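Notes to accompany the following structure.
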Amino acid sequence: MADQFADYQFGIYFDALSGRVPGLPMDYATLESRAASVLSPSLHSYIAGGAGDEATQRRNVEAFTQWGLVPRMLVGADEREMSVTAWGQTFRSPVFMAPVGVIGLVTEDRHGDIAVARAAAETGVPAMFSTLMQDPLEQVITHAGSTPSFFQLYTPKDRDLAASLVERAEKAGYRGIAVTLDTWVPGWRPRDLATGNFPQLRGNVLENYTGDPVFRRLAGSAADPQTDIRTWAQIFGNPLSWNDLAWLRSLTDLPIILKGISHPDDARRAIDAGADGIYCSNHGGRQANGGLSALEMLPEVVAACDDRVPVLFDSGVRSGSDVVKAIGLGATMVGIGRPYAYGLALGGVAGLVHVLRTMLAEADLLMAVNGYPDFAAVRENIRRTS
Ligand code: FNR
């Protein structure tokens, strides 16, 4: 039988026979609380916090309890097909690492983006790297081995700078550009506001800008940190409109994925305008509070996409069973945010790899126990609980 993600479980049990028990958490609650104790208070606040009173952030997680999977017996699902194909590429599993703009700061050496790339190389789980990196995008991707990487674009106000970032990503070998639409201005985040905590304004994670030739023309050729930060703050957020999509589309031949789509009408219109992927997400509840969870909108978004393009999903995924449920509701690929940041904080590359392997093993075992040999079976056997 080919290697299955479930094997991680048996490895742990067998290791324990020779006295090696896992030093890393096996469940999300322990992961979250242990990560909180190793991260600096400001970085923890930035990662853990969300918009307003964080009702949407909590709802993202709770929404998964409104769906249940019905086990099917006598299926003999001793091998599960978990690979997915999107944009002509095949991935071993539907799981990917969502862009997390401060991930570069999470490791002690402050090269967290490279650590993420190494974990991608080790696991085959692709990463989508934020524009906000601590190391240049050209260097980071060299650590991802044969695992495809994606670049997430925060579209700057300056069109030449946007074009330069996209061109650099394409040249460096990224396989797709995810344009984040919901964060041209930061949402209202009380945890960070309480301490005036905004990492970028302290000069962090701006490497992709400060090393860019167009940015250098805008900020002046002699890099002065204060001028660079001021320039960055002025050009960061472009409140895009539908009219900008044709221009974005013209920047690259790579797949363009629109991140932050929650309404089915937006999904339909985006595909008509040339989007190659729809990324249903509410940014983990960090941007707008008071909304529905991303999962509540997923089935409508999937229906609107009508199999024309892959549908990516994130926001609130905390376990392998959440991954399977998102797939059951029609997602093509499922992104993980905070959990992998916490794995990286706790155990570096090994900690991050552990978090990915636990998610994948749990998802695989759930499919095995429930008698789902493939995702079609998951989709046939998911039910609303309320
Ligand atoms: C994010 N997210 C994000 N998204 C994006 O498009 N570009 C970015 O730079 C960031 N930065 C970022 C920082 C931190 C600390 C977090 C927690 C999240 C959003 C991210 O891609 C994803 O949508 C959410 O993290 C998914 O929600 P969960 O899984 O964290 O609940």
Side-chain angles (χ1 to χ4, degrees), residues 28 31-32 35-36 39-40 42-51 54 56-64 95-106 112-113 116 126-134 137 140 150-156 165 176-187 189 191-192 197-200 204-209 232 236-237 240 257-262 277 279-288 291 293-295 298 312-319 322-323 326 331 333-345 355-356 359:
Y28 182 71
L31 176 71
E32 188 179 33
L39 285 162
S40 71
S42 61
L43 196 50
H44 177 256
S45 149
Y46 190 79
I47 296 172
E54 301 178 355
T56 300
Q57 186 173 323
R58 285 190 295 280
R59 191 168 172 138
N60 280 339
V61 174
E62 286 157 12
F64 285 88
V95 171
F96 68 96
M97 291 178 264
V100 168
V102 291
I103 206 75
L105 306 177
V106 167
D113 302 285
V116 168
M128 192 177 272
F129 292 94
S130 172
T131 315
L132 298 167
M133 285 189 205
Q134 191 68 7
L137 61 91
V140 169
F150 293 82
F151 181 69
Q152 174 266 323
L153 179 72
Y154 277 135
T155 313
L165 288 165
I177 307 287
V179 181
T180 298
L181 302 174
D182 59 14
T183 311
W184 52 273
V185 61
R189 298 182 193 156
R191 285 203 215 199
D192 291 326
N197 176 39
F198 197 71
Q200 295 86 312
N204 295 304
V205 298
L206 301 184
E207 203 61 34
N208 281 332
Y209 298 88
W232 174 82
F236 169 74
L240 296 169
I257 303 150
L258 296 184
K259 180 172 189 275
I261 300 273
S262 291
Y279 191 153
C280 176
S281 162
N282 63 20
H283 216 104
R286 300 168 65 74
Q287 280 298 94
S293 64
L295 195 75
L298 178 63
L312 278 58
F313 171 82
D314 76 24
S315 295
V317 176
R318 298 290 176 263
S319 66
D322 292 347
V323 170
M333 298 183 80
V334 181
I336 296 166
R338 293 177 180 92
Y340 86 82
Y342 294 150
L344 186 62
V355 166
L356 296 174
M359 290 249 178

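Because the structure is a prediction, the values reported are computed rather than measured. Each ligand, and each atom within it, is numbered from 1 in the order the structure gives.
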Considering the heavy atoms of S315, write down every atom of ligand 1 situated less than 4.0 Å from one of them. 26 (C), 27 (O)
Out of curiosity, is V100 lining ligand 1, as in a heavy atom under 4.0 Å away? yes
Closer than 4.0 Å to some heavy atom of I47 - which atoms of ligand 1 meet that? 15 (C), 17 (C)
Under 4.0 Å, heavy atoms only, figure out whether ligand 1 is touched by the backbone of K259, its side chain, both or neither. side chain
Using a heavy-atom cut-off of under 4.0 Å, does the side chain or the backbone of Q152 touch ligand 1, or both, or neither? side chain
When only distance counts, is Y279 in polar contact with ligand 1, meaning an N/O pair under 3.5 Å? no
Side chains of N208 and T131: do they bring a donor and an acceptor to under 3.5 Å? no
Centre-to-centre under 6.0 Å for Y279 and F96, is that the case here? yes
Should E32 and R338 count as an ion pair when the cut-off is N to O under 4.0 Å? no
For the pair D314 (side chain) and S281 (backbone), establish whether a donor and an acceptor sit closer than 3.5 Å, ignoring hydrogens and angles. no
For atom 23 (O) of ligand 1, which candidate among I336, D314, D322 holds the nearest heavy atom? D314
For S130, take its heavy atoms, then give the atoms of ligand 1 lying under 4.0 Å from any of them. 8 (C), 9 (O)
Is the shortest N/O to N/O distance between G101 and ligand 1 below 3.5 Å? yes
The protein heavy atom nearest to atom 24 (C) of ligand 1 is G284 N, 3.8 Å
Report the part of P99 (side chain from C-beta onward, or backbone N, CA, C, O) that has a heavy atom under 4.0 Å from ligand 1; answer both or neither where that applies. both
For ligand 1, which atoms have a heavy atom of S281 less than 4.0 angstrom away? 23 (O)
Under a 4.0 Å heavy-atom limit, does R318 contact ligand 1 with its side chain, its backbone, both, or neither? side chain
Regarding ligand 1, does G316 bring an N or O atom to under 3.5 Å of one of the ligand's N or O atoms? yes
What I want to check is whether the side chains of S293 and N60 have a donor and an acceptor closer together than 3.5 Å. no
State whether the side chain of S319 and the backbone N or O of D322 hold a donor-acceptor pair below 3.5 Å, judged by distance alone. yes
Would H283 and S315 count as having a side-chain donor-acceptor pair, cut-off 3.5 Å? no
With sequence neighbours excluded, what pairs up with F129 under the ring pair (Phe, Tyr, Trp, His ring centres under 6.0 Å) test? none
Proximal candidate to atom 8 (C) of ligand 1 [heavy atom criterion; set F313, Y342, F129, Y154]: Y154
Check: T180 N/O within less than 3.5 Å of ligand 1 N/O: yes
For residues V100 and Y340, determine if any side-chain heavy atom of one lies less than 4.5 Å from a side-chain heavy atom of the other. yes
About how many Å separate CG of L137 and CD of E207, when rounded to the nearest 0.5 Å? 10.5 Å
Ring pair (Phe, Tyr, Trp, His ring centres under 6.0 Å) with F313: which residues, sequence neighbours excluded? none
Going by the atom numbers of ligand 1, which of them fall below 4.0 Å from some non-hydrogen atom of G337? 25 (O), 29 (O), 30 (O)
